[in-house]
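First up is the structure itself, then whatever we jot down about it.
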There are 2 protein chains.
Amino acid sequence: MSGPSGAHGRIQSPDSGRPVARATMKDVAALAGVSLKTVSRVVNREAGVSPAVRERVEHAASRLDYSHNVHASNLRRANSRTGTVGALLQDVSNSFSASLLRTLEDVARAQQTAVLAASLDEEEGREIALVRGLVARRVDGLVLMPATSRHEYLASELRAGLPTVFVDRLPHGVDADSVTVDNVLGSRHAVEHLVRHGHRRIALLLDLGTIQTAQDRLRGCREAMDAAGIPDDDRVEVQNLRTSDAAEAAVRGFYRGGPSPTAIFAGRNDLAIGAVRALRSLGLSHRVAVIGFDDFPLADLLEPALTVVRQNVGQIGAEVGRLLFARIAGDTSPPRRVVIEPTLVVRGSGEIRPT
Amino acid sequence: MSGPSGAHGRIQSPDSGRPVARATMKDVAALAGVSLKTVSRVVNREAGVSPAVRERVEHAASRLDYSHNVHASNLRRANSRTGTVGALLQDVSNSFSASLLRTLEDVARAQQTAVLAASLDEEEGREIALVRGLVARRVDGLVLMPATSRHEYLASELRAGLPTVFVDRLPHGVDADSVTVDNVLGSRHAVEHLVRHGHRRIALLLDLGTIQTAQDRLRGCREAMDAAGIPDDDRVEVQNLRTSDAAEAAVRGFYRGGPSPTAIFAGRNDLAIGAVRALRSLGLSHRVAVIGFDDFPLADLLEPALTVVRQNVGQIGAEVGRLLFARIAGDTSPPRRVVIEPTLVVRGSGEIRPT
DNA sequence: TCGTCCCGTGACAACGTTGTCAGGACGATT
DNA sequence: AATCGTCCTGACAACGTTGTCACGGGACGA
């Protein structure tokens, strides 16, 4: 088949196995004995090519392992799409971002579109640099779970018509589509749930105070506590927890003496995991109530199973995909703000009563 | 700032807020009163532009929200890189693929490279189509956790010099770099561990028989059983389990009568989870031993904590990244096969003795 | 004063593709 | 037989960028 006798110099280098430039339409045209334009017609399945010529061109193309260059094609075409969208998420390896990416990918694939994925790790500079990179690659759309708190830097892109959907966090300083969860509501419900089960001394574990969702969750908790008339003395708020380990350490600290919380609300899933670890090692898993924000795999298999506020990732992702591709398809209606209501998933850990 | 008086017709459409074509170097050149080439020089930070001109060009560029078009640039450049690699994984939302993606992303970012990620879900057609798409996008490299069992279809790309690294599964029919785990060894160790704890009647839960890793894991188990002289009657092999639910159902089946296994080896992490669910609901969690292949978050928090064969994802990802970018940088040494030894992580569930 | 060199700048072609248009062959129509 | 229309094909320019080369002018040495 691909014997060493191949003589179409461009692809198979005669002796060395070194890579050689890819065949272009010109090469195919030469081999098939037709013009460039005819090859283009065949490749794009345009009408008006005789079967015989089409056959000859296809044969030549496959003989040369011709692969269409979409970048050159897009450059020339009028209303070109690159068939690529960007997704800048918090961290593609955490289960929330990963599930979101997956749902988005499924929507994108249905539109013949590939997804460039990257993690921001709450680093503002990274976000700016990555957006620049995506724009330079002329992505058709952008999904952004921002690390920044102000988004004016996106104004020119939005003006230029870059379809952009914010997810999990709202845009500030620019107007764009967004799909977020009602964090205030979700955490208020969680704390109300704890209060209803008799808790007064409730500890809150929260992420960086600069992150909008963390702020909202804190606000929801405070609203519920205010409504329940819980005095400041009974409130424990630990902010700026970035990792599971940090949460674990914080929770250990609670039980080293003094009046200790009978319930814990963890404002992010890995903080809940840290809390569970701490309680487990202190032998308190069945004595201190825990509710986490954001469900995760296996939360139901813990002992006790973890009660959580669940954000429906599938719904979020689908909503993001719908919005994004509607914009890409030309929808120019005013930006939409989709807010999804989280639900409390009762599993056991949140229903433990204070001792 | 961006008042409606803006008069540089190309970007800001006068009345409608409709998106308008992006500014090109030509526009910048016109506004700055210089030639195209000079703009190119400034944009690419080439030497030999007087500070005054440079300043003028930069000002014009920012006024027009100019964004460099890397596709046009790459088209023209000699040894162009697109600064994009593709990662075709089993499912970006499962923790193994997601972690791998993340590690790869980190390596890629260090090389100014973006990652196109997609999930194959064991669908062969999808793999072929996605590879074609990535090649058409002229990715600089490809990471592949293949769904197919034969890879001849990649031969022409490899010949054309597309850097490709197989991960988790070996290439068949072509020669390429790979990073895999010694599945035979890992599962043999797991079963040996169970045998050492007194088990004879051991059930195996396995993925599709067409998947290489599943085959290898089965082989490892059988080797250990053969060595231990376990009779066929004591062996229970359930193959073609695709989901956690399927595994759960299978395990439930074991305990509906007849001689039931005293230990379970689950050949994939979600199969282990299914097994744990089943045992939990049957009240057997502390009576039947379980070992899973592939670690996952929270395995240590289960009750009992899950003993697993761990594949070091960080190491795998780093290895993949190293190989890939070495190839991209021009390394043409013969393909390498990196095999990583998995380790048994003892946590409790695998040390339960038969009753 | 002249020639040389260097520096900053621009004209032009080219990357791989597609849109536009024109032309040739051929059968059908008058 | 001349005319027309249809069908197939190709020449050429253009997309946005960069590599090559050439040009004009000022500094410098002879």
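All chains are named by letter (A, B, ...) in the order of the sequence lines, taking the proteins before the strands, and each is independently numbered beginning at 1.
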Does Val53(A) reach a base, just sugar-phosphate, or nothing at all? Heavy atoms under 4.0 Å.
sugar-phosphate
Quick one: is dA11(D) close enough that its OP1 or OP2 comes under 4.0 Å of any side-chain N or O from Ser35(A)?
no
Would Arg159(B) and Asp65(A) pass as an ion pair if we require N to O under 4.0 Å?
yes
With salt bridge (Lys or Arg N to Asp or Glu O under 4.0 Å) as the test, would you mind laying out the steps for Arg336(B) and Asp175(B) before giving the verdict?
CA-CA 9 Å; Arg336(B) 267 189 276 269; Asp175(B) 217 15; over 6 Å; no
Phosphate oxygens OP1/OP2 of dT18(D): is one of them under 4.0 Å from a side-chain N or O of Arg77(B)?
yes
Determine: side-chain N/O of Ser40(B) to OP1/OP2 of dT17(D), distance under 4.0 Å, yes or no.
no
When you look at Arg337(B) and Glu319(B), which way does the salt bridge (Lys or Arg N to Asp or Glu O under 4.0 Å) test go after all the steps?
CA-CA 11 Å; Arg337(B) 307 206 149 189; Glu319(B) 214 47 81; over 6 Å; no
Output yes when Asp331(A) and Arg322(A) qualify as a salt bridge under the 4.0 Å nitrogen-oxygen rule, no when they do not.
no
Axis-to-axis angle between the two ends of the helix from dT1(C)-dA30(D) to dT30(C)-dA1(D) (five base pairs per end, rounded to 10 degrees)
60°
Does Thr24(A) have a side-chain nitrogen or oxygen under 4.0 Å from the phosphate oxygens OP1 or OP2 of dG16(C)?
no
How long is the line joining CZ of Arg22(A) and C1' of dC15(C), in whole Å?
16 Å
Indicate whether OP1 or OP2 belonging to dG10(D) is found under 4.0 Å from a side-chain N or O atom of Thr38(A).
yes
Val49(B) near the nucleic acid: base, sugar-phosphate alone, or nothing, with a heavy-atom cut-off under 4.0 Å?
sugar-phosphate
Distance in angstrom units between His71(A) NE2 and dT18(C) P, rounded:
14 Å
Take atom CG of Leu75(A) and atom P of dG16(C), then tell me their distance rounded to the nearest Å.
12 Å
Any side-chain N or O of His68(B) under 4.0 Å from OP1/OP2 of dT18(D)?
yes
Between Arg169(B) and Glu122(B), is the closest basic N to carboxylate O distance under 4.0 Å?
yes
Checking only heavy atoms, does the side chain of Arg41(B) share a donor-acceptor pair with the base of dG10(C) at less than 3.5 Å?
yes
Over how many whole Å does the gap from Leu36(A) atom CG to dC12(D) atom P extend?
12 Å
Let's go through Arg132(B) and Glu157(B) carefully: what are the C-alpha distance in whole Å and the side-chain angles of both, what is the deciding distance for salt bridge (Lys or Arg N to Asp or Glu O under 4.0 Å) to 0.1 Å, and is it a yes or a no?
CA-CA 10 Å; Arg132(B) 213 196 316 279; Glu157(B) 309 307 339; over 6 Å; no
How close or far is atom P of dT17(D) from atom NZ of Lys26(B), stated in whole angstroms?
11 Å
Walk me through it: do Ser119(A) and Glu105(B) pass the test side chain to side chain donor-acceptor pair (under 3.5 Å)?
CA-CA 8 Å; Ser119(A) 306; Glu105(B) 180 202 332; 2.7 Å; yes
dC15(C) phosphate, OP1 or OP2, under 4.0 Å from Asn74(B) side-chain N/O:
no
Summary of ring pair (Phe, Tyr, Trp, His ring centres under 6.0 Å) pairs that have at least one residue in residues 145-167 of chain B, sequence neighbours excluded:
His151(B)-Phe166(B)
At less than 4.0 Å, is any side-chain N or O atom of Ser50(B) found next to OP1 or OP2 of dT9(C)? Yes or no.
yes
Could you tell me how far apart Asp27(B) (CG) and dC15(D) (P) are, to the nearest whole angstrom?
11 Å
Separation of dC12(C) P from Met25(B) CE (nearest whole Å)
19 Å
In whole Å, I'd like the distance from the CG atom of Asn44(A) to the C1' atom of dG16(C).
12 Å
